[in-house]
Amino acid sequence: MVTRKEKRNREKEANYFFEFLKIQKHFFKDLMNNLKKVADHRHQSYITYGPEVLLFTMMLKNMTGLKSMRNMSERFNKEECIKNVGKVLGLDSLEELPHYDTINDFLSGLDVNELEKLERI
């Protein structure tokens with residue numbers, strides 16, 4: 001039987017982001033490419049972040065159990081997080097993650113049918 005102390009030590013060593021990526025690559029191989037295909041309703045001259053960055057950031061927020069958009073922006077604004085998201089999405093450069101206002105703007109105009117397409121893939 002595993003003691004509580006052993007369990008805490010195992011959790012310290014666990015890399016949950018890496019575990020998520022293994023699951024994603026096994027069960028949802030094309031997820032990142034499909035996120036890129038989501039139609040963006042915003043005016044093209046204002047776009048800094050593609051739909052894949054915005055949607056993946058929201059997925060991370062929900063997977064990590066963060067309750068507020070503001071908390072998400074604060075917690076994810078770290079070099080390591082920015083670098084990892086860029087690497088996962090196959091982006092050459094990602095200098096910042098989007099602010100929660102940018103994500104809210106994108107989500108407020110997002111057609112639900114676009115998300116339903118992701119569900120069917």
Side-chain angles (χ1 to χ4, degrees):
M1 174 165 253
V2 178
T3 66
R4 290 182 294 167
K5 184 176 181 178
E6 289 172 336
K7 186 175 180 181
R8 284 192 307 271
N9 288 336
R10 286 182 186 174
E11 286 180 1
K12 285 181 190 175
E13 296 170 5
N15 183 339
Y16 294 109
F17 188 72
F18 178 72
E19 294 299 321
F20 161 73
L21 292 179
K22 285 188 345 187
I23 292 168
Q24 179 263 313
K25 286 180 181 179
H26 183 77
F27 292 105
F28 308 102
K29 293 177 178 93
D30 296 327
L31 177 64
M32 300 310 162
N33 288 328
N34 292 333
L35 291 178
K36 293 177 184 179
K37 295 176 186 175
V38 171
D40 196 338
H41 68 281
R42 300 172 297 159
H43 192 279
Q44 295 300 306
S45 65
Y46 297 123
I47 294 178
T48 303
Y49 305 100
E52 72 277 12
V53 176
L54 300 166
L55 292 170
F56 187 71
T57 303
M58 280 304 299
M59 288 172 54
L60 283 177
K61 173 198 168 282
N62 293 328
M63 286 186 291
T64 56
L66 297 175
K67 301 293 183 200
S68 73
M69 297 292 281
R70 183 181 314 259
N71 194 5
M72 173 196 67
S73 286
E74 292 169 2
R75 297 280 303 272
F76 289 172
N77 192 22
K78 295 179 177 34
E79 291 296 324
E80 183 179 13
C81 187
I82 295 166
K83 182 178 149 190
N84 285 336
V85 169
K87 187 183 289 187
V88 167
L89 294 174
L91 301 173
D92 294 331
S93 67
L94 182 64
E95 294 178 19
E96 293 288 332
L97 288 178
H99 189 270
Y100 66 87
D101 285 335
T102 303
I103 296 172
N104 282 336
D105 178 52
F106 174 76
L107 293 175
S108 68
L110 183 63
D111 185 0
V112 175
N113 294 324
E114 290 295 316
L115 295 178
E116 288 175 352
K117 287 180 197 175
L118 288 174
E119 189 177 88
R120 284 185 240 128
I121 296 175

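Numbering starts at 1 and runs along the sequence shown.
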Is there a path from Leu110 to Val112 through hydrophobic residues (I, L, V, M, F, W, Y) whose side chains come within less than 4.5 Å of each other?
no

Please name all residues satisfying side chain to side chain contact (heavy atoms under 4.5 Å, CB included) with Arg4, sequence neighbours left out, ordered by chain then number.
Arg8

About how many Å separate CZ of Phe28 and CG of Leu21, when rounded to the nearest 0.5 Å?
13.0 Å

Using the rule that two of Ile, Leu, Val, Met, Phe, Trp, Tyr join whenever any of their side-chain heavy atoms come within less than 4.5 Å, decide whether Val38 and Leu107 are in one cluster.
yes

Does Arg42 have any salt bridge (charged side-chain N to carboxylate O under 4.0 Å, His left out) partners at least two apart in sequence or in another chain, and if so, which?
Asp40

When rounded to the nearest 0.5 angstrom, what is the spacing between CG in Leu35 and CD in Glu114?
11.5 Å

Quick one: does Met32's side chain get under 4.5 Å of Gln24's, heavy atoms only?
yes

His99: what forms a side chain to side chain contact (heavy atoms under 4.5 Å, CB included) with it, not counting sequence neighbours?
Asp101, Thr102

Excluding sequence neighbours, so at least two apart, what forms side chain to side chain contact (heavy atoms under 4.5 Å, CB included) with Lys29?
none

Residues two or more places apart in sequence or in another chain: which of them pass side-chain hydrogen bond (donor to acceptor under 3.5 Å, both in side chains) with Asn9?
none

Partners passing ring pair (Phe, Tyr, Trp, His ring centres under 6.0 Å) against His26 (at least two apart in sequence or in another chain):
none

Result block: side-chain N/O donor-acceptor pairs under 3.5 angstrom for residues 71-98, not counting sequence neighbours:
unit_1 : atom_1 : unit_2 : atom_2 : d
Ser73  : OG     : Tyr100 : N      : 3.1
Lys78  : NZ     : Arg75  : O      : 3.3
Asn84  : ND2    : Glu80  : O      : 3.3

State yes or no: do Phe18 and Phe20 share one hydrophobic cluster built from I, L, V, M, F, W and Y residues joined by side-chain heavy-atom distances below 4.5 Å, directly or via other members?
no

Inter-residue atom distance Ile23.CD1 - Leu31.CG, 0.5 Å rounding:
12.5 Å

Within a reach of under 6.0 Å around NZ of Lys25, are more than 12 heavy atoms found that belong to other residues, nucleotides or ligands?
no

So how far is it from Asp111 CG to Glu116 CD, rounded to the nearest 0.5 Å?
8.5 Å

Quick one: list whatever passes side chain to side chain contact (heavy atoms under 4.5 Å, CB included) with Thr3, sequence neighbours left out.
Lys5, Glu6

Could I get the full list of side-chain hydrogen bond (donor to acceptor under 3.5 Å, both in side chains) partners for Ser45, not counting sequence neighbours?
His43

Could you give the side-chain donor-acceptor pairs of residues 48-60 under 3.5 Å, partners two or more places apart or in another chain?
unit_1 : atom_1 : unit_2 : atom_2 : d
Thr57  : OG1    : Val53  : O      : 2.6

By salt bridge (charged side-chain N to carboxylate O under 4.0 Å, His left out) - contacts of Lys22 (at least two apart)
Glu19

